[in-house]
**Student:** 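Once you've had a glance at the structure underneath, I'll fire off some questions.
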2 protein chains.
Amino acid sequence: MRATGKSRHKQTPLYQQISEEIVARINKGVWLPGDALPSEMALAEELMVSQGTVRKALDELTHRNLVTRHQGKGTFVTAHTAQRELFHFFNLTRDDGRKQLPTTKRIIGIENRRGNSDECTRLKLKPATRVIFIERIRELGKRSAIFETIVLPAKMFRGLGMNDTLPNELYQLYEQQYGVTIHKAVERIGAISADRNHARHLNVQNGAPLLEIDRLAETLDGTPAEWRRSQLNTISHKYIGEII
Amino acid sequence: MRATGKSRHKQTPLYQQISEEIVARINKGVWLPGDALPSEMALAEELMVSQGTVRKALDELTHRNLVTRHQGKGTFVTAHTAQRELFHFFNLTRDDGRKQLPTTKRIIGIENRRGNSDECTRLKLKPATRVIFIERIRELGKRSAIFETIVLPAKMFRGLGMNDTLPNELYQLYEQQYGVTIHKAVERIGAISADRNHARHLNVQNGAPLLEIDRLAETLDGTPAEWRRSQLNTISHKYIGEII
DNA sequence: GAGTGGTCTAGACCACAGA
DNA sequence: CTGTGGTCTAGACCACTCT
């Protein structure tokens, strides 16, 4: 029950209260990713509003990619699938325009250690909090193209790295094994020169230009959950941004 | 008048027909950027649908950034303002997170000539069609940071370049002087090495890493209107991409 | 006050999925 | 067949802007 009776004079719109309530419940795990929500009618009855108001709330959540609706079936909490990972959280395409997920070629290392100052600041952790640190090389096609450094708050991912195999799509792992759903990410992109390490792993010359993508990913409630830096060779792939 | 009477059995939804009709009219120039549309009631009456259906159509156009609505005032065709240019079509921020529009420092040249093969292909023109070619240097803060190459179809911008002053916000010029409204852009981003030309104009060493943004901008009906390549120094500014 | 968009409701009918 | 979401309508009331 919500919407605090009918005391809605000059407050935030009812449908926003409803959508916030639904977000809160998803956050609390009342409905897990992939689960079906109650029907519009059921929600309307429980929350004591009209069906139209519930619909408007759900439409908003649909636009925010939080739920997915299917006529005749129901409303479902959006889950991380390979599809979603590819089309929503991966912005590299081949020069012919086709998209292609990279595959992990080699994991250079996984450590569980105290985070340094940068890491704790970016992840909004107290200084010297424990983090999980992963370095890996990813392939695009048959070319080693991406050198990736990932930093995670150890508390949110207890035990990660004990079994040394990592899947290709990390966000699915986060969601299914650790209950951490990545919902939003901000990327800051610049150009850097390849150092010896890059040169060795990516088969480029020392000083070659690389694209650096610095991505901070957050959960639904805004908690930073992953800091990822990718240095990549853009000879045959480009980063895509669309402005509409 | 539209919506072809009430012969709507298993067709595209009415509200989509309405929004397409409104888009078509904006395209034809019935309402120019900045103009007010008729009120919901007026549109509903003219198009013979209910106010709610017009509302749904207008909501869609609002999400597509095609119109802007203000309670108590009306519905307006979105126009290119400096604000819009900054927050919608400019993805660079300073490393402290603040946004700042670049200023034109120097125009290296403006030519009206036949397009080469690449240029005509990207702009979907017949081979050797005339284009306007602009090269300029832009400053971020006090640093010469961006080397920019712009190619335009000469037919759409007759006379541009005759008076040698160009404003900072080109998209406003396109809209106000030539009736060309940029509505969508696709950017492909990679890393390159500075050549002698870049080194001279951007005050970097030969071979320094630069970010290259290749942007193709389109009008409302999908016609390519501008091909722009920007090579920039990302020492103190980064490209921002947000994923939600 | 008159006119605009914003919210909320109630009800009818359609299209789709699954038992 | 039942239940789901999708479309469309009609009407009431609120909040904001301008005159």
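Below, each value reflects all heavy atoms present in this structure, side chains not excepted, and no hydrogens, waters or symmetry copies. Residue numbering restarts at 1 for every chain, and letters A, B, ... go by the order of the sequence lines. In this text, all values refer to a predicted model and were calculated from it rather than measured experimentally.
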**Student:** Could you give the CE-to-P distance, from B:M41 to D:dA10, as a whole number of Å?
**Tutor:**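 So the CE-P distance, B:M41 to D:dA10, works out to 10 Å.
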**Student:** Regarding B:Y239 and A:E187, is there a side-chain donor-to-acceptor distance under 3.5 Å anywhere?
**Tutor:**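 No, no side-chain donor-acceptor pair sits under 3.5 Å.
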**Student:** Would you say C:dT9 has OP1 or OP2 under 4.0 Å from some side-chain N or O of A:T53?
**Tutor:**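 True: A:T53 side-chain N/O within range (under 4.0 Å) of C:dT9 OP1/OP2.
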**Student:** Find the distance A:E45:CD to C:dA10:P and express it as a whole number of Å.
**Tutor:**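 Spelled out: CD on A:E45 to P on C:dA10 is 12 Å.
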**Student:** Mapping B:Q51 and A:V54 to their closest nucleotides on DNA chain C, which lands nearer the 5' end?
**Tutor:**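 Nearest nucleotide further toward 5': that of B:Q51.
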**Student:** Start at the 5' end of DNA chain C and walk down; is the nucleotide closest to A:Q71 or to A:Q16 reached first?
**Tutor:**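 In this pair, the answer is A:Q16.
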**Student:** Can you measure B:L47 atom CG to D:dT9 atom C1' for me and round it to whole angstrom units?
**Tutor:**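 So the CG-C1' distance, B:L47 to D:dT9, works out to 16 Å.
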**Student:** State which of C:dT9, C:dA17, D:dG6 makes the closest approach to the side chain of A:K73.
**Tutor:**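 Among C:dT9, C:dA17, D:dG6, the one nearest the side chain of A:K73 is C:dA17.
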**Student:** Reckon A:T75 has a side-chain N or O less than 4.0 Å from the OP1 or OP2 of D:dG5?
**Tutor:**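 So the side chain of A:T75 is within the cut-off, an N or O lying under 4.0 Å from OP1 or OP2 of D:dG5.
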**Student:** How about B:R136 and B:T104: does a side-chain donor come under 3.5 Å of a side-chain acceptor?
**Tutor:**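 Short answer, yes.
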**Student:** Check whether any side-chain nitrogen or oxygen of B:Y15 sits under 4.0 Å from OP1 or OP2 of D:dC8, and answer yes or no.
**Tutor:**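 No, B:Y15 has no side-chain N/O under 4.0 Å of OP1/OP2 on D:dC8.
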**Student:** Expressed as a whole number of angstroms, how long is the span from B:E60:CD to D:dT7:C1'?
**Tutor:**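 So the two atoms are 13 Å apart, to the nearest Å.
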**Student:** Could you tell me if A:R69 and A:T75 have a donor-acceptor pair between their side chains, going purely by distance under 3.5 Å?
**Tutor:**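 On atom types as modelled, these side chains qualify, holding a pair under 3.5 Å.
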**Student:** Please determine whether a side-chain nitrogen of the Lys or Arg among A:R228 and A:E148 lies less than 4.0 Å from a carboxylate oxygen of the Asp or Glu.
**Tutor:**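 Yes, charged N to carboxylate O under 4.0 Å.
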**Student:** Find the distance B:L14:CG to C:dC13:P and express it as a whole number of Å.
**Tutor:**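 Rounding to the nearest Å, CG of B:L14 and P of C:dC13 are 17 Å apart.
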**Student:** Using whole Å, what does the distance between atom C1' of nucleotide C:dT9 and atom CE of A:M48 come to?
**Tutor:**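 To the nearest whole Å, that distance equals 15 Å.
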**Student:** Expressed as a whole number of angstroms, how long is the span from A:H63:NE2 to D:dG6:P?
**Tutor:**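 Nearest whole value for this atom pair: 11 Å.
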**Student:** Can you tell me how far C1' of C:dG3 sits from CZ of B:F76, to the nearest Å?
**Tutor:**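 So the CZ-C1' distance, B:F76 to C:dG3, works out to 12 Å.
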**Student:** Would you call A:E212 and A:R188 a salt bridge, using N to O less than 4.0 angstrom?
**Tutor:**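 Answer for the salt bridge query: no.
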**Student:** Nearest of D:dC8, C:dT4, C:dT7 to any side-chain atom of B:S39?
**Tutor:**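 That would be C:dT4.
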**Student:** So does A:R69 reach the base of D:dG6 with its side chain, donor to acceptor, closer than 3.5 Å?
**Tutor:**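 Such a pair does not exist between side chain and base.
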**Student:** Got a donor-acceptor pair under 3.5 Å from the side chain of A:R55 to the base of D:dG6?
**Tutor:**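 Under the 3.5 Å cut-off, the side chain and the base do form a donor-acceptor pair.
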